[in-house]
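Quick caveat, the model's predicted, so the values are computed rather than measured.
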Amino acid sequence: MKISIVGVGLIGGSIALKLKSKGISDFICGIDNSSNHLDEALKLHIIDAHADLENGIRNADLIILAIPVDAARKLLPKILDIISENQTVMDTGSTKAGIVQAVKNHPKRSRFVAFHPMWGTENSGPKSAVSESFAGKAGVICNKEESSEDALKTVEKIVESLDMHLIYMDAKDHDVHTAYISHISHITSYALANTVLEKEREEETIFQLASSGFSSTVRLAKSHPEMWVPIFRQNKENVLDVLNEHISQLRKFKSALEKENYDYLGELISNANKIRGILDK
């Protein structure tokens with residue numbers, strides 16, 4: 001299988017490495033606006049060659065879009081314009097409803113499979129790519145009924161080769177759930193980092209006293225705005241909904257402390273502890 005990956009950064013690069021190790025593809029072509037990323041991906045043997053968009057698409061059996069969701073939403077219709085009825089296109093975006101809607105009426109809509117690998121880090125670029133990144137994680141395919149049977153089977157094979165477990169969801173439902181279990185985590189991390197930077201002016205103190213708990217909590221704050229502003233924009237309504245609930249929960253903690261109601265504070269913490277039973281299954 002010949003594969004072209006649009007965007008050879010963290011996600012695209014990690015997919016390429018894994019598919020190469022599994023022998024799924026004998027040739028992977030990289031397409032990227034950054035010539036530095038392409039050169040780096042070649043040196044790291046993530047890709048075998050690079051090409052411009054049109055040539056890279058025309059010569060591939062499978063095209064994988066691994067770019068920010070705003071860019072993917074704009075580019076996908078153009079890619080579908082170019083491909084034949086024998087080619088398949090998949091994306092890796094963290095929001096799905098917008099991109100599905102963008103090609104809803106495209107004559108080659110059935111050649112596209114909407115996919116989201118539930119994995120990512122705060123790092124970026126080809127150097128951050130890791131072959132085993134996706135193992136054991138959820139791979140979500142959305143609105144599968146809108147994709148042709150052979151295109152769906154191709155993407156299912158890719159997801160299984162990444163050692164992910166498949167989940168099928170409606171695109172709108174996906175965006176609601178990811179707002180609650182992914183997107184709010186990033187906003188919280190950004191807000192906490194800004195709080196610390198605002199109140200703690202001495203960088204050396206932050207460095208010396210920061211515990212592993214703090215570091216893990218603000219780890220996501222190192223994620224780039226180029227990736228996350230488009231995600232928040234695409235999933236605005238769901239993110240606002242979860243953000244309002246999060247603010248409500250923070251107010252409960254604030255009120256308990258202000259009123260010295262430590263029994264209620266304990267109840268809030270005990271209720272939060274229930275998440276352990278879910279995540280530790």
Side-chain angles (χ1 to χ4, degrees), residues 3-22 24-25 28-50 53 56 60 62-76 89-96 99 113-141 155 158-159 161-165 174 178 181-183 185-187 189-190 193 215-216 218-235:
I3 297 175
S4 284
I5 298 181
V6 184
V8 293
L10 173 69
I11 300 297
S14 296
I15 290 175
L17 287 173
K18 183 65 173 181
L19 296 183
K20 277 190 166 190
S21 71
K22 284 291 189 81
I24 297 300
S25 176
I28 294 182
C29 178
I31 302 168
D32 202 296
N33 286 333
S34 170
S35 58
N36 289 335
H37 276 188
L38 291 172
D39 290 341
E40 192 171 8
L42 276 171
K43 290 177 182 176
L44 294 171
H45 304 292
I46 292 172
I47 59 176
D48 301 297
H50 57 77
L53 183 68
L62 171 67
I63 299 97
I64 301 175
L65 265 175
I67 55 178
V69 290
D70 274 6
R73 189 172 176 176
K74 293 177 182 177
L75 189 59
L76 179 59
V89 184
M90 63 186 288
D91 79 315
T92 62
S94 296
T95 60
K96 299 266 67 93
I99 198 164
V113 179
F115 171 63
H116 180 202
M118 297 298 295
W119 174 82
T121 75
E122 70 277 16
N123 302 314
S124 63
K127 65 182 182 300
S128 303
V130 182
S131 176
E132 298 304 315
S133 304
F134 305 102
K137 305 297 192 299
V140 185
I141 290 178
V155 174
I158 294 296
V159 178
S161 297
L162 295 173
D163 293 329
M164 308 188 84
H165 60 273
H174 165 277
T178 53
I181 56 92
S182 173
H183 302 169
S185 301
H186 282 78
I187 287 182
S189 188
Y190 291 132
S215 297
S216 62
V218 299
R219 174 181 63 83
L220 296 177
K222 294 184 280 185
S223 301
H224 291 271
E226 293 83 3
M227 179 66 68
W228 279 94
V229 170
I231 290 172
F232 296 146
R233 183 187 296 126
Q234 292 288 336
N235 208 19

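The CD1 atom of Ile231 lies 7.0 Å from the OG atom of Ser182; values are rounded to the nearest 0.5 Å. To the nearest 0.5 Å, the span separating CE on Met90 from CD1 on Ile141 amounts to 7.0 Å. Interatomic distance, OG of Ser133 versus CG of Leu17, reported as 8.0 Å (0.5 Å rounding). The CD1 atom of Ile99 sits 6.0 Å away from atom CG of Leu65, with the distance rounded to the nearest 0.5 Å. Once rounded to the nearest 0.5 Å, the distance linking OG of Ser25 with CG of Asp48 reads 7.0 Å. Note that the NE2 atom of His183 and the CG atom of Leu220 stand 11.5 Å from one another [nearest 0.5 Å].
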Query - Pair Ile47-Ile5, side-chain contact (heavy atoms from CB on, under 4.5 Å): steps then yes or no - result: CA-CA 9 Å; Ile47 59 176; Ile5 298 181; 5.7 Å; no
Requested in this report: Begin with the C-alpha distance, continue with both residues' side-chain angles, and end with the deciding distance and a verdict on side-chain contact (heavy atoms from CB on, under 4.5 Å) for Met227 and Ser124.
Outcome: CA-CA 10 Å; Met227 179 66 68; Ser124 63; over 6 Å; no
Requested in this report: Mind running side-chain contact (heavy atoms from CB on, under 4.5 Å) on Arg73 and Thr95 for me, showing each step along the way?
Outcome: CA-CA 10 Å; Arg73 189 172 176 176; Thr95 60; over 6 Å; no
Report task. Report the C-alpha distance between Leu162 and Leu19 in whole Å, list the side-chain angles of each, state the deciding distance to 0.1 Å, and finish with yes or no for side-chain contact (heavy atoms from CB on, under 4.5 Å). Result -> CA-CA 7 Å; Leu162 295 173; Leu19 296 183; 4.1 Å; yes
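Counting heavy atoms from C-beta on, the side chains of Ile3 and Ile15 never come closer than 4.5 Å. Within the 4.5 Å cutoff, no side-chain heavy atoms of Ile64 are placed close to those of Phe115. Put simply, the side chain of Thr92 does not reach to within 4.5 Å of the side chain of Trp119, judged on heavy atoms. Two residues are said to be in side-chain contact when any heavy atoms from C-beta on lie closer than 4.5 Å; Ile187 and Trp228 fail this criterion. Residues Val140 and Met118 form a side-chain contact, since some pair of their non-hydrogen atoms from C-beta on lies under 4.5 Å apart.
Between His174 and His116, the angle of the ring planes goes over 60°, which puts this pair in the perpendicular group of the 30/60° scheme.
When atom types are taken as modelled, the side chain of Lys20 and the backbone of His45 share a donor-acceptor pair closer than 3.5 angstrom. Without hydrogens or angle criteria, Ser14 side chain to Val130 main chain gives a donor-acceptor distance under 3.5 Å.
Between Pro117 and Ile11, the closest heavy-atom pair is CG-CG2, 4.4 Å. Here the closest non-hydrogen pair linking Ala129 and Ile46 is CB-CD1, 4.1 Å. Among all heavy-atom pairs drawn from Gly56 and Cys29, the shortest one is CA-SG, 4.4 Å. Nearest heavy atoms, Glu132 versus Lys18: OE1-NZ, 2.9 Å. When all heavy atoms are compared, the tightest approach of Arg219 to Ser189 is N-OG, 4.0 Å. Listed here is the closest heavy atom pair of Lys96 and Gly93: NZ-O, 2.8 Å.
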Would you be so kind as to tabulate the donor-acceptor pairs closer than 3.5 Å made by side chains of residues 37-44, with sequence neighbours excluded?
none

